[in-house]
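One structure is given below, encoded as structure tokens.
Letters A, B, ... mirror the listed sequences (proteins, then strands); counts begin at 1. Model, not experiment: these values are computed from the prediction.
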Amino acid sequence: MLNLPLCIMQKARLARDARFDGLFFIGVKSTSIFCRTICKARMPQEKNVTYYENPIAAMNNGFRPCLMCRPDSAPGSYAWKGVETTVERGVKLINVHLSLNINEIADKLGISTRYFNKLFEQHLHVSPKRYQLLTRLLFAKQLLHESCLPIEQVAQASGFNAAKPLQHHMKVTTGLTPSQIRRFTTLKSQAKSTNVTVYLCYRPPYQWQHIRDFYKLREIGANEKIGENSICKVLRLGDSHVLFNALHQSQNNRFEVTFSLVDLRLLKGSIAAVKKMLDLNCEPEAIYDSLVDAGLPSSLILNGLRLPGVIDKFEAGCRAIVGQQVTVKAAIGQLNLLQNTLNTKQVLECDNASTELFVAQQKCHLKGAYTLNSECHIKSNEAQSTPSVLNVFVSPKQVAQADLSFLKMPQARKNTLKAFAQFMLEKPQACIEEWLNIKGIGMWTVNYVTMRSSESPDIFLATDLVIKNQIKKLAEQEINITQEAAAPWRSYLTLSLWHLSSGILNTKINKVS
DNA sequence: GAATTCCCCTG
DNA sequence: CAGGTGATATTG
């Protein structure tokens, strides 16, 4: 039943080798406890040890899970990852939630402030407080350069309570006051509103057409509008909503992104979200090389390919589930139906006041883009004839409570969708692997969602039908793909193969070969 | 830095 | 099962 030789497991156990973590489990007879290979507890003697393939097998034989290494927890979960990642998670939280203080961050991590301080200092040799101050200042500086927000609002957006503390800290750490920093910027003053425009750059080349078409094909009209040169979408960020319009300016290698915000503290997260959607941090050269290594002839490679991201994990999950075994077109039709049908009640159902405020603000702002759920429709910049309203993607709660009989798809898939919504309602923070426990969600779905929503550059969808066919088709022309060689950028190989199979380049292949 | 918790061994 | 050891994570 165990697929590893005994001597290997013995060595792996004694070395506490992390590479074998999860592959087998160690039952200790003297205590009736079972552990993972990496457990830091005192090393049991060989004569007391039995090996098991999985936690279930160990528990069946009367062992209980160890409290230190938590072999019962889901692989990848916080409990599984243990202390090693606590600092990492803390850093992320500080970066994302600029307005939370250190106590609240520690609270989110589930540890005391004192311990958080200690761990942080130990690993990064800076105190969390100091790290946070620098993070806030850096972001404030970016806003001073890239936007025309008044200082007071820059302060709020970067986590300070008021302009005074920002001015003080900026002066102390950089020697310059915010207004001195601002003087370097060349932007013209923009109208006073909660609209914020920032310019987000990327490393060229950038295959705008590819990422644009990818989104366009998957457009959910009530939630997003994809223009020839722009992407406009309403994002759910925590309990709030953000509307953005990203306009591609290829001559400057950047996007002009306008946000409409309820609360300026959302700006940091909003910028991160758009960067993720447009994959602005990617390094095209490394990816190009890896695609060559994988065996793609350079004539078939889109240099500057980007991975189109999905911000909301729930949305990504819905897209994946509804997209199981049907064409993109069919799936998006059903998603549009879902969105439009459940949408009508949405404004009433939203429990927080922020939505109302947001709607009110939308009425007057974001000229030339779209409005959110307001009766005053504003035409889009892109000379599209019909005025539009945009709305946030349906929530887990809505889907969980809805009668889904109006959807045209197998009952089993509707059940999965519903179970998924229920799961997300109860455990919104669960890691994607945990979704496997839901009936109807398998590895393809998990991998697809991981690739689209976790900025995971190294997902190869080997079981995807389209991918399989495309590999076969290439092999017929003596182009052999070794996906392993594309690591750690295999997501881009997946994208490339999808793109090839879309037919646009199929004629080209013939010419090449 | 002490105290607590946890694991494993021995008798 | 009780008593003792060593080690780690976490707290006040």
Side-chain angles (χ1 to χ4, degrees), chain A residues 1-2 4-97 99-135 427-431 433-434:
Chain A
M1 59 164 199
L2 278 162
L4 288 166
L6 185 65
C7 59
I8 298 271
M9 293 193 291
Q10 286 170 345
K11 278 186 196 157
R13 168 178 93 84
L14 291 171
R16 294 199 170 97
D17 194 322
R19 285 169 302 175
F20 291 85
D21 185 23
L23 296 186
F24 67 94
F25 296 83
I26 301 150
V28 183
K29 284 177 215 161
S30 50
T31 52
S32 296
I33 295 173
F34 72 100
C35 294
R36 299 199 264 149
T37 56
I38 50 101
C39 188
K40 286 173 180 161
R42 191 172 157 182
M43 193 64 71
Q45 297 176 343
E46 192 64 42
K47 62 174 184 185
N48 291 328
V49 167
T50 24
Y51 296 92
Y52 293 100
E53 193 175 1
N54 53 49
I56 308 288
M59 290 176 85
N60 263 338
N61 285 282
F63 292 87
R64 74 148 170 91
C66 169
L67 292 174
M68 293 172 80
C69 61
R70 308 289 296 275
D72 54 323
S73 63
S77 64
Y78 292 145
W80 179 274
K81 287 178 183 166
V83 254
E84 274 90 41
T85 55
T86 312
V87 175
E88 212 174 293
R89 285 165 58 211
V91 167
K92 270 193 189 149
L93 286 174
I94 290 177
N95 286 333
V96 173
H97 303 286
S99 56
L100 293 185
N101 63 38
I102 297 300
N103 284 330
E104 290 164 324
I105 300 276
D107 218 45
K108 269 188 181 290
L109 291 171
I111 58 176
S112 67
T113 309
R114 173 84 187 75
Y115 186 44
F116 182 49
N117 279 322
K118 190 171 169 179
L119 279 180
F120 209 94
E121 193 94 43
Q122 216 169 60
H123 289 261
L124 301 179
H125 309 289
V126 217
S127 72
K129 192 98 191 131
R130 176 80 184 155
Y131 178 88
Q132 180 177 56
L133 177 66
L134 295 177
T135 309
K427 294 171 76 179
Q429 299 300 331
C431 71
E433 276 91 359
E434 289 183 56

query: Between A/Glu434 (side chain) and A/Ser77 (backbone), is there a donor-acceptor pair under 3.5 Å?
result: no

- request: When you get a sec, tell me which of C/dT10, B/dC7, B/dC8 is the closest nucleotide to the side chain of A/Tyr115?
  value: C/dT10

- prompt: How about A/Phe25 and A/Phe63: are their ring centroids closer than 6.0 Å?
  reply: no

- prompt: In whole angstrom, what separates A/Gln45's CD from B/dG11's C1'?
  reply: 14 Å

query: Of the residues in residues 36-44 of chain A, which ones touch DNA chain C at a heavy-atom distance under 4.0 Å?
result: A/Lys40, A/Arg42

statement: To the nearest angstrom, the CZ-P distance between A/Phe120 and C/dT10 comes to 16 Å

query: If you measure only the distance, is there a donor-acceptor pair under 3.5 Å linking the side chains of A/Asn103 and A/Thr113?
result: yes

- prompt: In whole angstrom, what separates A/Arg114's CZ from C/dA9's C1'?
  reply: 13 Å

query: Considering only side-chain heavy atoms of A/Val83, which listed nucleotide, C/dA9, B/dC7, B/dC9, is closest?
result: C/dA9

A/Ser30 side chain near B/dC9 phosphate (N/O to OP1/OP2, under 4.0 Å): yes

- prompt: Is it true that a side-chain atom of A/Thr37 and a backbone atom of A/Asp17 form a donor plus acceptor pair closer than 3.5 Å?
  reply: yes

query: Is any side-chain nitrogen or oxygen of A/Arg64 closer than 4.0 Å to OP1 or OP2 of B/dC6?
result: no

query: With a cut-off of 6.0 Å (strictly less than), are more than 12 heavy atoms of other residues, nucleotides or ligands near CG of A/Leu4?
result: yes

- prompt: For B/dC9, does either OP1 or OP2 sit under 4.0 Å from a side-chain N or O belonging to A/Asn48?
  reply: yes

Base paired to B/dT5 (Watson-Crick or G-U; both N/O distances under 3.5 angstrom): C/dA7

- prompt: Between C/dT11, B/dC8, B/dC6, which one does the side chain of A/Thr31 approach most closely?
  reply: B/dC8

- request: Verify the ring-centre separation between A/Tyr131 and A/Phe120: is it less than 6.0 angstrom?
  value: yes

For atom CG of A/Asn117 and atom C1' of C/dT10, their distance in whole Å: 14 Å

- prompt: Which of these nucleotides, C/dT8, B/dC8, C/dT10, is closest to any side-chain atom of A/Lys118?
  reply: C/dT10

query: Among the nucleotides C/dA9, B/dC7, B/dT10, which one has an atom lying closest to any side-chain atom of A/Lys47?
result: B/dT10

A/Phe34 CZ - B/dC6 P separation (whole Å): 16 Å

statement: Rounded to whole Å, CG of A/Leu67 lies from C1' of C/dA7 at a distance of 15 Å

query: Expressed in angstrom and rounded to an integer, what is the separation of A/Met68 atom CE from C/dA7 atom P?
result: 11 Å

query: To the side chain of A/Ile111, which of B/dC8, B/dC7, C/dT11 is closest?
result: C/dT11

- prompt: In Å, rounded to the nearest 0.5 Å, how long is the span from OG1 of A/Thr85 to CH2 of A/Trp80?
  reply: 13.0 Å

